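All remarks here apply to the structure that follows.
Every chain is numbered from 1, with letters handed out A, B, ... down the list of sequences. Being a predicted model, the structure only gives us computed values, none of them experimental.
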Amino acid sequence: MKRVAIQSGDFDMAAELAALESLGGGGVASFTGVVRGESGLIALELEHYPAMTAPQVDRIVDEALARWPLLGVSVIHRFGRLEPGARIVFVGTASRHRAAALASCAFLIDWLKSHAPFWKKEHFADGATAWVAAQAEDEAKAQGWNA
Amino acid sequence: MLTLVYFAWVRESIGRDEERIERPAPGTTVAGLIATLAAREGGYAEALGDPTKLRAAIDQHFVPLDTVIGEAREVALFPPVTGG
């Protein structure tokens, strides 16, 4: 099972996990990214490259499928204006082996950070805005999977 | 013709998200295109003056800035991505 969704709306966590659990593998790992409730932050605006995002995330998922014995992978990434506490991204993996499920889930979220065409802009209560800068450590984590 | 698309603060500084330009000379790289665009008036210099802050995609695939544009239809210029 391969599921990639790029959407503005929220998603049903229970349904997403249930779909992975139903594959019969015995092990499901997941990661959920949520907008932080930092001081003064009222919203995070996610811009993306519509013509590229889904194909690129699909390529990242294919990379995970090539590296680990997985029965299922789901990646949901939202765009648009999201408030603190809102879910941004979901990564779920199913496998007969817990190590594969956990490692592939970590790989996917690391790669999404540095290989998926999204950009985040912070909106603060005082009206200020700031584009989130890419972190060198995120790139290093992604590159670490090539070691 | 070649379509250019811009994202995040590159888009904001230039003041548009897309434009079409005459196809650059054969052999032109993304870096060469960036240098040409940065010489324009308006927000182009601000957006594109420091290529070390930029990343690019050709026809929806990430590429290094020294990649030749060739027969590509679309070049995207943007800051390093911050997904996840």
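- For B/P26, the side chain to side chain contact (heavy atoms under 4.5 Å, CB included) test picks out no residue, with sequence neighbours left out.
- Scanning both residues, A/R59 and B/Q60, for their nearest heavy atoms gives NH2-O, 3.0 Å.
- Per-residue heavy-atom pair counts under 4.5 Å with chain B were compared for A/K113, A/H77, A/H115, A/H48, and the maximum is reached by A/K113.
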Next item on the list: Test B/E12 against A/E47 for side chain to side chain contact (heavy atoms under 4.5 Å, CB included), laying out the working first.
Entry: CA-CA 12 Å; B/E12 288 184 337; A/E47 178 172 334; over 6 Å; no

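- A continuous path of hydrophobic side-chain contacts links A/F124 to A/V35 [ILVMFWY only; heavy atoms under 4.5 Å].
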Next item on the list: Could you walk me through whether B/F62 and A/Q56 pass the side chain to side chain contact (heavy atoms under 4.5 Å, CB included) test, one step at a time?
Entry: CA-CA 9 Å; B/F62 291 122; A/Q56 177 68 10; 3.5 Å; yes

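- At distances below 3.5 Å, not a single donor-acceptor pair connects side-chain atoms of A/K120 with backbone N or O atoms of B/V81.
- In this structure, A/V34 is not a member of the same hydrophobic cluster as A/L44, with clusters built from ILVMFWY side-chain heavy atoms closer than 4.5 Å.
- A/M1 and A/V28 fall within the same hydrophobic cluster, where Ile, Leu, Val, Met, Phe, Trp and Tyr residues are linked whenever their side-chain heavy atoms come under 4.5 Å apart, directly or through other members.
- Under the 4.5 Å side-chain heavy-atom criterion for grouping Ile, Leu, Val, Met, Phe, Trp and Tyr, A/F11 is not connected to A/V91 through any hydrophobic cluster.
- Of the two parts of B/R11, only the side chain, counted from C-beta on, holds a non-hydrogen atom closer than 4.5 Å to a non-hydrogen atom of chain A.
- Heavy-atom distances place the backbone of A/A116, and not its side chain, under 4.5 Å from chain B.
- Remark: A/R98 engages no residue in a salt bridge (charged side-chain N to carboxylate O under 4.0 Å, His left out) (not counting sequence neighbours).
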Which pairs would a plain distance check flag for residues 29-42 of chain B, meaning a side-chain donor or acceptor within less than 3.5 Å of a matching protein atom at least two apart in sequence or in another chain?
unit_1, atom_1, unit_2, atom_2, d
B/T29, OG1, B/A31, N, 3.4
B/T29, OG1, B/G32, N, 3.0
B/T36, OG1, B/G32, O, 3.0
B/R40, NH1, B/E19, OE1, 3.0
B/R40, NH1, B/Y44, OH, 2.9

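- At a heavy-atom separation below 4.5 angstrom, chain B is approached by A/W131, A/V132, A/A133, A/A134 within residues 131-138 of chain A.
- Cluster annotation: A/L20 and A/I109 are assigned to distinct hydrophobic clusters (Ile/Leu/Val/Met/Phe/Trp/Tyr, side-chain heavy-atom contacts under 4.5 Å, transitive).
- Side-chain contact between A/W119 and B/P79 is present, with at least one heavy-atom pair separated by less than 4.5 Å.
- Nearest heavy atom pair, residue A/Y49 against residue B/V5, reads OH-CG2, 3.8 Å.
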